[in-house]
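From a predicted model like this one, the values you see are computed outputs, not experimental measurements.
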Protein chains: 2
Amino acid sequence: MSKAIKGCPIDQTIQAIAGKWKAVIIHVLLHTPVCRFSELQEKLPDCTRRMLALQLKKLTADGIVKKRVYATVPPKTEYSLTSRGKQLGPVIEGMQDWGKQG
Amino acid sequence: MSKAIKGCPIDQTIQAIAGKWKAVIIHVLLHTPVCRFSELQEKLPDCTRRMLALQLKKLTADGIVKKRVYATVPPKTEYSLTSRGKQLGPVIEGMQDWGKQG
DNA sequence: CCGTATCCAAGTAGATACTG
DNA sequence: CAGTATCTACTTGGATACGG
C-alpha cells in the first residue's frame with residue numbers, strides 16, 4: 001500500500017492487515033489454528049483462489065502466518081498463525097466486536 | 001474499497017479504518033479530543049491537505065468523527081470522535097502496541 | 001489439491017494549483 | 001483557515017484460464 005509512514009507503529013499494523021481479506025483470514029486462523037488451503041476456501045467462499053493465495057503470501061512474508069507443505073500426492077498445505085500472528089488476536093477480536101455493533 | 005463481504009463484522013471495521021491515514025487520524029483524536037484542521041496537519045505532516053480532507057469526510061460519513069464548523073472569519077473547524085469512534089480506542093491502541101514490537 | 005499467469009476495472013494516493 | 005479541482009501514477013481486486 002504505497003509507502004510507509006516513517007516511525008508510525010499504527011501504520012505498520014495497518015499495512016500488515018489491510019486489504020479486503022487479511023484480517024478475516026487471521027480471524028479464521030484464530031478459531032481454527034491449523035487450516036488447509038481448501039478449508040480456508042470453504043470458510044471464505046467469496047474470496048477467490050487467487051486472492052487467498054496472494055494474501056496468504058503477504059501474511060507469510062510479514063511473519064504473521066506460517067505455511068507447512070507436505071510433499072504428498074495429492075499435495076497438502078497447512079497454514080497457521082505464528083506467535084506474532086497470535087498477538088494480533090485482541091485487535092482482530094476488537095474489530096469483530098466493533099463491527100457487530102454497527 | 002471494492003465491495004463489502006456480506007455479514008462479516010470484521011470487514012465492516014476494516015472498511016471503516018482502512019487506507020493509509022484513517023487509523024492514525026483516529027489515534028490523534030484519541031489523544032487530542034478536539035482538533036482543528038490545521039492541528040491535524042501539524043501532527044500528520046506527511047499527509048497532504050487533500051488526503052486529510054478526504055479521509056475526514058469518510059470518517060464523518062461513517063459516524064466515527066464529527067465536525068463542527070464556526071462561521072467566523074477566518075473560518076474554524078473542529079473535529080472530534082463520536083461515541084462510536086471512541087469505541088475504536090482499544091482496537092487502535094492494540095494496533096499501536098503490536099506495531100511497536102515489530 | 002494447490003496454486004500461477006494474464007488481463008482489466010476500480011480505487012487510492014500524491015503533486016500542484018485554485019477558492020470562499 | 002479550511003478546504004476543492006485536476007491530472008497522473010500506482011495498487012488492489014475480480015474473472016478466467018492454465019500448470020505442478
Trainee: Between B:Q101 and B:D97, is there a side-chain donor-acceptor contact under 3.5 Å, judged purely by atom types and distance?
Mentor: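 No, no side-chain donor-acceptor contact under 3.5 Å.
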Trainee: Calculate, to the nearest 0.5 Å, the distance between atoms CH2 and CD1 belonging to A:W98 and B:I92 respectively.
Mentor: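 Going from CH2 on A:W98 over to CD1 on B:I92, the span is 9.5 Å.
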Trainee: Out of curiosity, B:H27 NE2 to B:L29 CG, how far, rounded to the nearest 0.5 Å?
Mentor: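 If I round to the nearest 0.5 Å, the distance is 10.5 Å.
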Trainee: Counting just side-chain N and O atoms, does A:K20 come under 4.0 Å of either OP1 or OP2 of D:dG14?
Mentor: yes
Trainee: I'd like to know if the side chain of B:K22 and the backbone of B:Q15 have a donor-acceptor N/O pair within less than 3.5 Å.
Mentor: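 Yes, because the side chain of B:K22 sits within donor-acceptor range (under 3.5 Å) of the backbone of B:Q15.
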Trainee: How long is the gap from CD1 on A:I64 to CG on A:L81, to the nearest 0.5 Å?
Mentor: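 Those atoms lie 8.5 Å apart.
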Trainee: Can you measure A:L40 atom CG to C:dC1 atom C1' for me and round it to whole angstrom units?
Mentor: 13 Å
Trainee: Taking atom CD of A:Q55 and atom CD1 of A:I25, what is their separation to the nearest 0.5 Å?
Mentor: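 Going from the CD atom of A:Q55 to the CD1 atom of A:I25 covers 6.0 Å.
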Trainee: Provide the closest heavy-atom pair for A:G63 versus A:R84 in the form atom of the first, atom of the second, distance.
Mentor: O-CB, 3.8 Å
Trainee: Tell me which residues in residues 30-37 of chain A put a heavy atom below 4.0 Å from DNA chain C, sorted by number, or none.
Mentor: A:R36, A:F37
Trainee: Can a donor-acceptor pair be found, under 3.5 Å and without considering hydrogens, that links the side chain of A:T72 to the backbone of A:P74?
Mentor: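 Yes: the side chain of A:T72 pairs with the backbone of A:P74.
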Trainee: Mind calculating the distance between CD (B:Q41) and P (D:dG3) to the nearest angstrom?
Mentor: 9 Å
Trainee: Rounding to an integer number of Å, can you tell me how far B:E42 CD sits from D:dC1 C1'?
Mentor: 12 Å
Trainee: Under 4.0 Å, heavy atom to any atom of DNA chain D: which of residues 49-81 of chain B qualify?
Mentor: B:R49, B:R50, B:A53, B:K57, B:K67, B:P74, B:P75, B:K76, B:T77, B:Y79
Trainee: I need the CD1-P distance between B:I17 and C:dT12, as an integer number of Å.
Mentor: 14 Å
Trainee: Would you mind reading off the distance between B:W21 atom CH2 and C:dA13 atom C1', rounded to a whole angstrom?
Mentor: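 In whole Å, C:dA13 C1' lies 10 Å from B:W21 CH2.
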